[in-house]
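To find a chain, count down the sequence lines: A is the first, B the second, and so on, and within it residues start at 1. Scope of the values below: all heavy atoms of this structure, side chains included, with no hydrogens, waters or symmetry mates.
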Number of protein chains: 2
Amino acid sequence: MRNRIREMRTGHGWSQAELALRLEVSRQTVNALERGRYDPSLPLAFRIARVLGAPIEAIFLDEEGEAGQPDS
Amino acid sequence: MRNRIREMRTGHGWSQAELALRLEVSRQTVNALERGRYDPSLPLAFRIARVLGAPIEAIFLDEEGEAGQPDS
DNA sequence: GATGAATGACAAGGACGCTTTACATTTCGG
DNA sequence: CCGAAATGTAAAGCGTCCTTGTCATTCATC
């Protein structure tokens, strides 16, 4: 599932580590999410939406018929 | 994390099995979600929102400082 | 009272989400 | 260049999500 975490994070002028702190997850988790290695849990998705100041639907793109390769 | 799946499902006049079919998950998963045993993955949350015809934020309640015991 | 539909529950198993630890690479100001 | 900050990666480990299979309970209708 595609997301706009990176573009919204840099829009706030935050490093991955800074965002991780605000989300209370590890820096590696933020990195993995931005790189599309996996999707966040629903509770984490809500925290991301809150911290980035946008609704979940505006951050995560529901691409319907998409397979969604975890990178590779 | 609390949700309104049951009330919205019955509002549509569907059984758990019918909703499960539409979501492409097992009946047990729908039952577990309604009973708050765990939260759905983000992709499943999007499908639930689509099938129930409401935004994710209207179905799943972000109770902020809530511990959120998976029942027990 | 028997039958069937709907719901609740539990166990075992596989895949995913997130952690910590650790190391490599890129970027950039001096 | 040099050093430090930021980013990318990997592995081991644990808990969560979702599956199939099975059984119990409740309720309605016959």
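Between B:Arg6 and C:dT7 there is no side-chain N or O to OP1 or OP2 distance below 4.0 Å. Contact annotation: A:Asn31 does not reach the phosphate of D:dT7 (side-chain N/O to OP1 or OP2, under 4.0 Å). Checking the phosphate oxygens (OP1, OP2) of C:dA5, no side-chain nitrogen or oxygen of B:Gln16 falls inside 4.0 Å. Applying the 4.0 Å criterion to OP1 and OP2 of D:dT7, one finds that A:Arg9 has a side-chain N or O inside that range.
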- Item | Summary of protein contacts for nucleotides 17-30 of chain C, nucleotide by nucleotide, where a base hit scores B, a sugar-phosphate-only hit scores S (4.0 Å, heavy atoms) | SBBBBB--------
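Between the CZ atom of B:Arg35 and the P atom of C:dA6 there is a distance of 18 Å, given to the nearest Å. We find that CD1 of A:Ile5 is positioned 16 Å from C1' of D:dG8, with the value rounded to whole Å. The interatomic distance linking B:Met1 (CE) with D:dT16 (C1') rounds to 15 Å, in whole Å. For the pair B:Glu34 CD and C:dG8 P, the computed distance is 7 Å after rounding to whole Å.
In terms of modelled atom types and a separation under 3.5 Å, the side chain of A:Glu18 and the main chain of A:Ser15 share a donor-acceptor contact.
Between the axis at the start and the axis at the end of the helix from C:dG1-D:dC30 to C:dG30-D:dC1 there is an angle of 40°, using five pairs per end and rounding to 10 degrees.
Taking both residues in full, the closest heavy atoms of A:Ile5 and A:Asn3 are given as N-OD1, 2.9 Å, listed atom of the first, atom of the second, then distance. The shortest heavy-atom contact between A:Ile56 and A:Ala45 is CG1-O, 3.9 Å.
Atoms CG and NE2, on A:Leu52 and A:His12 in that order, are 5.5 Å from each other to the nearest 0.5 Å. Of the inter-residue distances, the one linking B:Thr10 atom OG1 with B:Arg4 atom CZ reads 13.0 Å to the nearest 0.5 angstrom. B:Leu61 CG to A:Phe46 CZ: the interatomic distance, rounded to the nearest 0.5 Å, is 8.0 Å. Here the straight-line distance linking atom CG of A:Asp39 with atom CZ of A:Phe60 works out to 7.5 Å at 0.5 Å rounding. Rounding to the nearest 0.5 Å gives a distance of 10.0 Å between CG of B:Leu33 and CD of B:Gln16.
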Acceptor/donor pairs from residues 20-30 of chain A side chains to any protein atom, 3.5 angstrom cut, sequence neighbours excluded:
unit_1	atom_1	unit_2	atom_2	d
A:Ser26	OG	A:Thr29	N	3.2
A:Ser26	OG	A:Thr29	OG1	3.0

